Amino acid sequence: MATDIAPTGDLCSLPALLNRNAHKYGARTAYREKEFGIWQSWSWIEVAEEIRAMALGFLALGMERGDYVAIIGRNRPAHYWAMVAAQMCGAIPVPLYQDAVAEEMAYVLENCGARFVVCGDQEQVDKVVEVQDRVHNIDHVMYNDKRGMRKYDHAHLHWLHDVQAEGRAGHARFEEELDARIAELDYDSTCVMLYTSGTTGRPKGVVLSNRNIIETSKNSSEFDHLRADDEVLAYLPMAWVGDFIFSIGQAYWTGFCVNCPESPDTMMTDLREIGPTYYFAPPRVFETQLTNVMIRMEDASRFKKRLFDKYMAIAKRVGPALLDGKPVSGMDKLSYALGNLFVYGPLKNTLGFSRVRVGYTAGEAIGPEIFDFYRSLGINLKQLYGQTEASVFITQQPDGEVRSDTVGVPSPGVEVKIADNGEVFYRSPGTFVEYFNNPDSTAGTKDAEGWVATGDAGFFEEDTGHLRIIDRAKDVGKMADGSLFAPKYVENKLKFYPDILEAVVFGNNRDTCTAFINIDLTAVGNWAERNNIAYASYQELAGHPRVLDTIKAHVEEVNRSVAEDPMLSGCQIHRFLVLHKELDADDGEMTRTRKVRRNVIEDKFSDLLTALYDGSASISTETEVTYEDGRKGSIKATLQLIDAAVSEPQHRRMAAE
């Protein structure tokens, strides 16, 4: 079983890997961050020194074995170092989502009993201070950016730089104790605790051991031949398991460099400057980038637009085959080379993907059209399937076996099986230890033999051995006529269009499918400006007749595509509406990782859903919203309910012929 795997030499903890890297890679750059427009770098030797000073400072503050250390902030080297420094002290790092509101933060801080909190800046400190009247276990709060912090009460509030200085000054007192605690760490010591996104209830603390993180990092790095000279961009939430694996687990195993952008606003510029060789993004990021490309092409001259359309048609036809090393005619190779000169190369450079050797997307299913677009440019984009409880990796796509409709084969060391009801189960070295203080949920998810229920429905293709995920098991159902209902399949097709940001499809146990749609304000707003259409708000633009006509055309085109799938042709959308507000995590409609909370939406907008099915032409509604400062308000709107044409399923047409 997975737990029988022995450590690789003495490399049984992150501090052990750090020590190896300091000796093996020495002056090679380990971390970079951009601050005030300037990139700053730290070598592995310097990182080891910074982390050790931080750990000594933690001991000076009284950090004990088994303490929980919350880390809240954007991607900064110091925040990653704090996680490893905490483990050196025998404590357990717990990264939180930096955009979480105070109430969400309070739940995690109280649930794990964090005694120490490392904050990025004043904004995060303020959230912690706000909840301290309810969360009484916090003893010390540290911050990385001291701007705005001068007038705070510093009795239990510390600048992280000062904590390190205290560690350096007191090294003679604490070094023996620190070395003893590092020596105690083994493969079964807790490496990190990460909270789930909580799509169906309160987030749960997922306890991951050194065995989980290191074995998974080792296996996945070897699978994709990751090297010490690779570069990654660390921009995803630190509370997400993917960022922990990429920016700490794999980085420490392979010794590659982790680059932290200056801010979300400069991320794309920083991406181009770094030119990562190893890149990960959830589908939402790729969707946004594609939307921006399409917007720019709409604004381009007629010649550039014709050139783009011509060569993208060639790329779509032969690009993936060239990427996979499959035979392509000489003329097609020449046409693609010209396209690379005029279109693909400049476009990849603009996106920051010129040097990407291995790219991944995961988190939720990506629309096949979006996936194929990037691969047609020659970007080695692949899909993986995973979850927090697996330390990310369950399946991966090997080079040369990449397709948009599968998630690949089991990752090295991972076993996967399909239950009789279609649910996917796995067990692996990365299988989590337990849910923190929640034995019932642990037992309900992981059985005595280590098999974990994913909650997803899927099947293995007999001829390729690749896994296909249909949807969340709880979301997969049946239409009233018995045909399969899988909403995510249709939603991803809708989100291929730059105008559509989000879609939620309904239809389980019903005669027909309907949908709520969010427009993409950036894309549709750009269209409105080009066409001299004035609007004052998202709500006004979402209800514009020409916008509704455009969305209707998209829905009907998706229906034609869905009709070609014999299993899912019953999922065509008969009626839809464009929501008067964007789905928002602050309103509880999405998780912090941008996953739709389907049940919440169905309950919150029940009046709209009823109207879609009762034949109403319009409906007036009022919805509570949360503003950025936490205040509550409400918005009123009258929405148009629109009928969409559906297509005859292809298998029925063929049978009739």
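Quick caveat, the model's predicted, so the values are computed rather than measured. Heavy atoms only: backbone and side chains are in, while hydrogens, waters and symmetry mates are out.
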So, the side chain of D270 versus the backbone of E262: is there a donor-acceptor pair under 3.5 Å, distance only?
yes
Side-chain H-bond candidate by donor/acceptor type, Y360 with Q397, under 3.5 Å:
no
E110 and R134: CA distance, side-chain angles, deciding distance, salt bridge (Lys or Arg N to Asp or Glu O under 4.0 Å) verdict:
CA-CA 8 Å; E110 187 171 31; R134 289 170 285 159; over 6 Å; no
Less than 4.5 Å apart, side chain to side chain, heavy atoms only: is that true for P412 and F393?
no
Spell out, as yes or no, whether a donor-acceptor pair under 3.5 Å connects the side chain of S428 to the backbone of G413.
no
Gap separating the CZ atom of F174 from the CG atom of L56, nearest 0.5 angstrom
8.0 Å
Atom of L384, atom of A362 and distance for their closest heavy-atom approach
O-CB, 3.3 Å
Which distance, rounded to the nearest 0.5 Å, do you find between the CZ of R76 and the NZ of K34?
11.0 Å
Before you tell me yes or no, could you show the steps for R65 and E184 under salt bridge (Lys or Arg N to Asp or Glu O under 4.0 Å), namely the whole-Å CA-CA distance, both residues' side-chain angles and the distance that decides it to 0.1 Å?
CA-CA 10 Å; R65 296 172 178 85; E184 292 170 2; 2.8 Å; yes
Regarding W39 and E273, is there a side-chain donor-to-acceptor distance under 3.5 Å anywhere?
yes
Using a distance-only test with no angle check, is there a side-chain donor-acceptor pair under 3.5 angstrom linking T431 and E389?
no
Just verifying a value: how many Å separate I245 CD1 and I214 CD1, rounded to the nearest 0.5 Å?
10.0 Å
For W240 together with F280, are the ring centres under 6.0 Å from each other?
yes
Taking atom types as modelled, is there a side-chain donor on N259 or E231 under 3.5 Å from an acceptor on the other?
yes
Is there a side-chain contact between M142 and L61 (heavy atoms, below 4.5 Å)?
yes
Taking atom types as modelled, is there a side-chain donor on Y187 or N212 under 3.5 Å from an acceptor on the other?
no
If I take atom CG from residue L17 and atom CD1 from residue I213, how far apart are they, to the nearest 0.5 angstrom?
11.5 Å
Any side-chain to backbone donor/acceptor pair from Q164 onto E50? Under 3.5 Å, distance only.
yes
Under a 4.5 Å cut-off applied to non-hydrogen side-chain atoms, are I51 and L18 in contact?
yes
side-chain contact (heavy atoms from CB on, under 4.5 Å) with F432: which of T388, V241, V207, T445?
T445
Is a side-chain N or O of D447 found less than 3.5 angstrom from the main chain of E449, in a donor-acceptor match?
yes
Please confirm whether R115 makes a cation-pi placement over Y68, using NZ or CZ under 6.0 Å from the six-membered ring centre and within 45° of the ring normal.
no
Is the NE2 atom of H154 crowded by more than 12 outside heavy atoms at less than 6.0 Å?
yes
Distance from I418 atom CD1 to D456 atom CG, nearest 0.5 Å?
10.0 Å
Could you go step by step and tell me if R28 and D229 meet the salt bridge (Lys or Arg N to Asp or Glu O under 4.0 Å) rule?
CA-CA 9 Å; R28 186 186 289 274; D229 59 355; 5.8 Å; no
Supply the atom-to-atom distance M238 CE to I71 CD1, rounded to the nearest 0.5 angstrom.
7.0 Å
Polar side chain donor-acceptor pair, Q396 to S411, under 3.5 angstrom
yes
With side-chain contact (heavy atoms from CB on, under 4.5 Å) as the test, would you mind laying out the steps for D586 and V101 before giving the verdict?
CA-CA 7 Å; D586 287 345; V101 296; 3.6 Å; yes
Between P95 and L194, the two heavy atoms sitting closest are CG-CD2, 3.4 Å
Under a 3.5 Å distance rule, please check whether W159 uses its side chain to pair with a backbone N or O of N144 as donor and acceptor.
yes
Please report the closest heavy-atom contact between V94 and C112, naming both atoms and the distance.
CG2-SG, 4.4 Å
Under 3.5 Å, is there a donor on one side chain and an acceptor on the other for D230 and T277?
yes
E49/R168 under salt bridge (Lys or Arg N to Asp or Glu O under 4.0 Å): CA gap, chis, key distance, verdict:
CA-CA 10 Å; E49 196 278 328; R168 291 184 177 99; 3.0 Å; yes
Does the ring of W253 carry R20 above it, NZ/CZ under 6.0 angstrom from centre and within 45° of its axis?
yes
Taking the cut-offs as 6.0 angstrom to the six-membered ring centre and 45 degrees off its axis, would you call K348 and F353 a cation-pi pair?
no
Closest non-hydrogen contact found for L185 with C12 is O-SG, 3.7 Å
Look at the side chain of K127 and the backbone N and O of Q98, then say whether any donor-acceptor pair between them is shorter than 3.5 Å.
yes
Got R357 and L226 here, is their nearest side-chain heavy-atom distance under 4.5 Å?
yes
Would you call V409 and L467 a side-chain contact if the rule is heavy atoms closer than 4.5 Å?
no
Is there a donor-acceptor pair under 3.5 Å between the side chain of E46 and the backbone N or O of S43?
yes
Run the salt-bridge test on E434 and K446 with the 4.0 Å N-O cut-off and return the result as yes or no.
no
Check whether H23 reaches the backbone of N19 with its side chain - one donor and one acceptor, N or O, closer than 3.5 Å.
yes
Taking the ring centre of each residue, are Y252 and W44 less than 6.0 Å apart?
yes
Do M83 and I248 pass the side-chain contact (heavy atoms from CB on, under 4.5 Å) test, and can you show the C-alpha distance, the side-chain angles, and the key distance before you say yes or no?
CA-CA 9 Å; M83 296 191 213; I248 292 186; 3.8 Å; yes
Taking side chain as C-beta onward, heavy atoms only, is L109 less than 4.5 Å from I138?
yes
For Y426 and Q387, work out which heavy atoms get closest and say how close.
OH-OE1, 3.0 Å
Stepwise side-chain contact (heavy atoms from CB on, under 4.5 Å) test for R181 and L59
CA-CA 11 Å; R181 294 195 189 184; L59 291 184; 3.3 Å; yes
Applying the side-chain contact (heavy atoms from CB on, under 4.5 Å) test to Y279, which of I379, V285, I274, L381 qualifies?
V285
When you compare the side chains of Q122 and Y152, does any donor N or O come within less than 3.5 Å of an acceptor on the partner?
yes
L236 versus N75, closest heavy-atom pair with distance:
O-ND2, 2.7 Å
Step-by-step side-chain contact (heavy atoms from CB on, under 4.5 Å) determination, E175 to E177:
CA-CA 5 Å; E175 279 194 335; E177 174 66 14; over 6 Å; no
Any side-chain to backbone donor/acceptor pair from N210 onto D186? Under 3.5 Å, distance only.
yes
Check: K382 side chain, E401 main-chain N or O, donor-acceptor pair, under 3.5 Å:
no
Mind checking whether Y143 and L157 have side chains closer than 4.5 Å, heavy atoms only?
yes
NZ or CZ of K204 within 45° of Y195 ring axis and under 6.0 Å
no
State whether a side-chain donor-acceptor pair under 3.5 Å links Y385 with T454.
yes
Is there side-chain contact between L178 and R52, with heavy atoms separated by less than 4.5 Å?
yes
